[in-house]
Amino acid sequence: MIPNPPFQLGVTLASGQFFRWRAEGDGFLVSTHGRTFAVRERRDRLAVSGIRRSFAERFFALDHDLPGIRGRLLRDRRLRPAVEAYPGLRILRQDPWECLVSFVTSCASNIPRITRNLESLCRELGRKGLAMPPPEAISDERVLRRLGFGFRARHLVPLAREVERGALRGLERLATEEARERLCALPGVGVKVADCVLLFAYERLESFPVDVWIRRAMAGLFGGRRDPRTVALERWGELSGYAQQFLYVWSRKR
DNA sequence: GACCAGGCATCGA
DNA sequence: TCGATGCATGGT
């Protein structure tokens, strides 16, 4: 049992940053970092089983000062409705490799399909049919096509080879901009995917992934003239990633 | 049955 | 440097 700082478990899981979960009973089954566990909200607490409490606290980023972050973002009048709507939306700490596979898979796709693709991948190639397969296990494009990855399959095998050769090694020590360039050099990885990985796996909270929803939301709030990412960094600086997450969930709800 | 999807790589202009 | 296009399929 984890005493509860502001946290909306369901909203956070369903916020498009993470795909390896499903509703199970009155809670959720989550698979990440090579582990699978059950989690549910009980009154003002979070109950987990199958993992240590410290693991859950870290994965769910319960140490992020969410009230402080929201307090600062709420000062922006135009962002306020999105932030007010979700008092407990957090940005998770995912595993870099899993996150990378997820967002390469997300390319021109949709959440139900991404979820299904990743589930098939883990079932087919992962340990115990649950965990994300390691890079070594992703070696045959035909398998990926059979699993429904479509044209995304083309990048995943060469990507796995690069990661096997250490493409992600030491990335956590690089400056964000440099890490971003390294990620963008990988097959199937452009700025959007790179920014997602930086935000959701490397805790670079200043990252601002721009997809069609964010582009629309930003155009609605600030006009479509300027580059959304530039606008975001000016207004929200090192908290741009959280701003993005509030905007994403908020704009999709309407 | 269009139209679009948490894009990327490639190719002309 | 920028806009258009193909890529495979499934959701809506």
Side-chain angles (χ1 to χ4, degrees), chain A residues 11-22 32 82 86 89-92 94-121 124 132 138 140-163 167 180-202 204-221 224-232 240-254:
Chain A
V11 169
T12 299
L13 288 175
S15 68
Q17 58 179 307
F18 178 68
F19 307 97
R20 296 282 294 132
W21 63 275
R22 65 166 186 259
T32 183
Y86 302 103
L89 174 60
R90 286 175 185 267
I91 289 179
L92 303 170
Q94 298 185 46
D95 173 80
W97 163 244
E98 292 176 3
C99 191
L100 186 58
V101 172
S102 299
F103 282 97
V104 169
T105 299
S106 79
C107 175
S109 190
N110 52 70
I111 292 177
R113 185 180 179 181
I114 301 162
T115 304
R116 203 163 36 74
N117 286 157
L118 294 174
E119 202 174 298
S120 316
L121 181 68
E124 181 94 0
M132 180 65 67
I138 296 182
D140 189 346
E141 181 181 329
R142 289 168 301 177
V143 171
L144 298 173
R145 289 193 179 268
R146 177 163 57 73
L147 296 177
F149 280 77
F151 66 87
R152 302 158 197 84
R154 191 162 71 84
H155 297 302
L156 284 166
V157 172
L159 175 66
R161 294 294 76 70
E162 291 290 332
V163 171
R180 192 168 187 251
E181 284 173 22
R182 290 274 275 284
L183 287 167
C184 285
L186 297 173
V189 180
V191 292
K192 159 62 168 63
V193 171
D195 285 338
C196 284
V197 173
L198 289 170
L199 179 58
F200 301 135
Y202 287 98
R204 306 303 170 100
L205 300 183
E206 73 274 34
S207 300
F208 191 80
V210 178
D211 66 2
V212 291
W213 295 93
I214 291 297
R215 191 172 298 284
R216 268 181 232 153
M218 291 295 282
L221 293 178
R225 206 48 95 189
R226 303 177 61 213
D227 170 39
R229 187 165 166 265
T230 310
V231 175
S240 295
Y242 260 100
Q244 181 273 160
Q245 204 59 21
F246 286 113
L247 275 178
Y248 181 76
V249 177
W250 177 76
S251 68
R252 285 181 54 115
K253 281 286 177 201
R254 32 199 327 187

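Heavy atoms only: backbone and side chains are in, while hydrogens, waters and symmetry mates are out. So you know, we letter chains A, B, ... as the sequences are listed, proteins then strands, and number each from 1.
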Visitor: Which part of the nucleic acid, if any, lies within contact of A:S15, taking any heavy atom under 4.0 Å across all strands shown: a base, the sugar-phosphate backbone alone, or nothing?
Guide: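 The residue A:S15 makes base contact.
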
Visitor: Would you say the side-chain atoms of A:R152 pair up with the backbone N or O of A:F149, donor to acceptor, closer than 3.5 Å?
Guide: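 Present.
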
Visitor: Under 4.0 Å, counting only non-hydrogen atoms across every strand here, what does A:R216 touch: a base, just sugar-phosphate, or nothing?
Guide: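 Sugar-phosphate, backbone atoms only, no base.
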
Visitor: Measuring only between side-chain heavy atoms, which start at C-beta, is A:W250 closer than 4.5 Å to A:K253?
Guide: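 Not in contact.
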
Visitor: Check whether more than 12 heavy atoms from other residues, nucleotides or ligands sit under 6.0 Å from atom CZ of A:R145, and answer yes or no.
Guide: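 Yes, enclosed.
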
Visitor: If you look at every strand shown and take non-hydrogen atoms under 4.0 Å, does A:V210 touch a base, only sugar-phosphate, or nothing?
Guide: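 Counting heavy atoms under 4.0 Å across all strands, no contact is made by A:V210.
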
Visitor: Tell me what A:G188 touches on the nucleic acid: a base, only sugar-phosphate, or nothing, going by heavy atoms under 4.0 Å.
Guide: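 The residue A:G188 makes sugar-phosphate contact but no base contact.
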
Visitor: A:F19 has an atom CZ; how far is it from atom P of B:dA5, in whole Å?
Guide: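 Roughly 15 Å, once rounded to whole Å.
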
Visitor: Would you classify A:I111 as touching base, sugar-phosphate or nothing, given that sugar-phosphate means primed atoms plus P, OP1 and OP2, and contacts are heavy atoms under 4.0 Å?
Guide: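 Result for A:I111 = sugar-phosphate.
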
Visitor: Pick the P atom in C:dT5 and in B:dC3, then give their distance to the nearest Å.
Guide: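 One P to the other, the span is 15 Å.
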
Visitor: For the C1' atoms, the ones on B:dA9 and on C:dG10, what distance do you get once it is rounded to whole angstrom?
Guide: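 Per the computed distance, 22 Å lies between those C1' atoms.
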
Visitor: Take atom CZ of A:R113 and atom C1' of C:dC7, then tell me their distance rounded to the nearest Å.
Guide: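 Spelled out: CZ on A:R113 to C1' on C:dC7 is 11 Å.
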
Visitor: Determine the interatomic distance between P on B:dC11 and the same-named atom on C:dA8; round to the nearest Å.
Guide: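 Per the computed distance, 15 Å lies between those P atoms.
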
Visitor: Could you check A:L186 against A:Y248 and say which one's nearest nucleotide on DNA chain B is further toward the 5' end?
Guide: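 Nearer the 5' end of the strand: A:Y248.
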
Visitor: Taking A:F103's backbone N and O only, do any of them form a donor-acceptor pair with A:S106's side chain (distance below 3.5 Å, no angle check)?
Guide: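 Side chain of A:S106 to backbone of A:F103: a pair is present.
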
Visitor: Does the side chain of A:D195 come within less than 4.5 Å of A:F208's, by heavy atoms?
Guide: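 In short, these two side chains do not touch, never coming nearer than 4.5 Å.
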
Visitor: Rounding to a whole Å, what distance do you find between A:I114:CD1 and C:dT9:C1'?
Guide: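 Taking atom C1' of C:dT9 as the reference, CD1 of A:I114 is at 13 Å.
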
Visitor: Quick check on DNA chain C: between A:C107 and A:P112, whose nearest nucleotide comes earlier from the 5' end?
Guide: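 Going by which nucleotide is closer to the 5' end, it is A:C107.
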
Visitor: Taking A:S15 for its side chain and A:V249 for its backbone only, find out whether a donor-acceptor pair lies under 3.5 Å.
Guide: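 Checked: no pair found.
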
Visitor: Rounded to the nearest angstrom, tell me the gap between atom CZ in A:R215 and atom P in C:dG3.
Guide: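 The answer, rounded to whole Å, is 10 Å.
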
Visitor: Counting side-chain heavy atoms from C-beta on, which of C:dG10, B:dA9, C:dT12 comes nearest to A:H155?
Guide: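 Among the listed nucleotides, the one closest to the side chain of A:H155 is B:dA9.
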
Visitor: How long is the line joining CG of A:L156 and C1' of C:dA8, in whole Å?
Guide: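 Those two atoms, CG and C1', are 14 Å apart.
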
Visitor: Assuming nearest nucleotide by heavy-atom distance, tell me which of A:W213 and A:P187 is located more 5' along DNA chain B.
Guide: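 The residue mapped nearer the 5' terminus is A:W213.
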
Visitor: Provide, to the nearest angstrom, the distance between the CG atom belonging to A:L144 and the C1' atom belonging to C:dC7.
Guide: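 Answer to the nearest Å: 16 Å.
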
Visitor: Return the value, rounded to whole Å, for the distance between atom CG of A:N117 and atom C1' of B:dG7.
Guide: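 So the CG-C1' distance, A:N117 to B:dG7, works out to 15 Å.
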
Visitor: Using a cut-off of strictly less than 4.0 Å, decide whether A:R252 has a side-chain nitrogen or oxygen near OP1 or OP2 of B:dG6.
Guide: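 So the side-chain polar atoms of A:R252 do come within 4.0 Å of the phosphate oxygens OP1 or OP2 of B:dG6, strictly under.
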
Visitor: Establish, with yes or no, whether the OP1 or OP2 oxygen of C:dG6 is under 4.0 angstrom from a side-chain nitrogen or oxygen of A:R154.
Guide: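 No.
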
Visitor: According to a strict under-4.0 Å criterion, is A:R116 in side-chain N/O contact with OP1 or OP2 of C:dG11?
Guide: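 For C:dG11, OP1/OP2 do have a side-chain N/O of A:R116 under 4.0 Å.
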
Visitor: What is the distance from CZ of A:F151 to C1' of B:dT10, rounded to the nearest Å?
Guide: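 Rounded to the whole Å, the gap is 14 Å.
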
Visitor: So what does A:V193 touch, heavy atoms closer than 4.0 Å: a base, only the sugar-phosphate, or nothing?
Guide: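 Sugar-phosphate: the residue A:V193, judged by heavy atoms under 4.0 Å, touches backbone atoms but no base.
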
Visitor: Quote, to the nearest angstrom, the C1' distance that separates C:dC7 from B:dC4.
Guide: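 Comparing C1' positions in C:dC7 and B:dC4 gives a spacing of 15 Å.
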
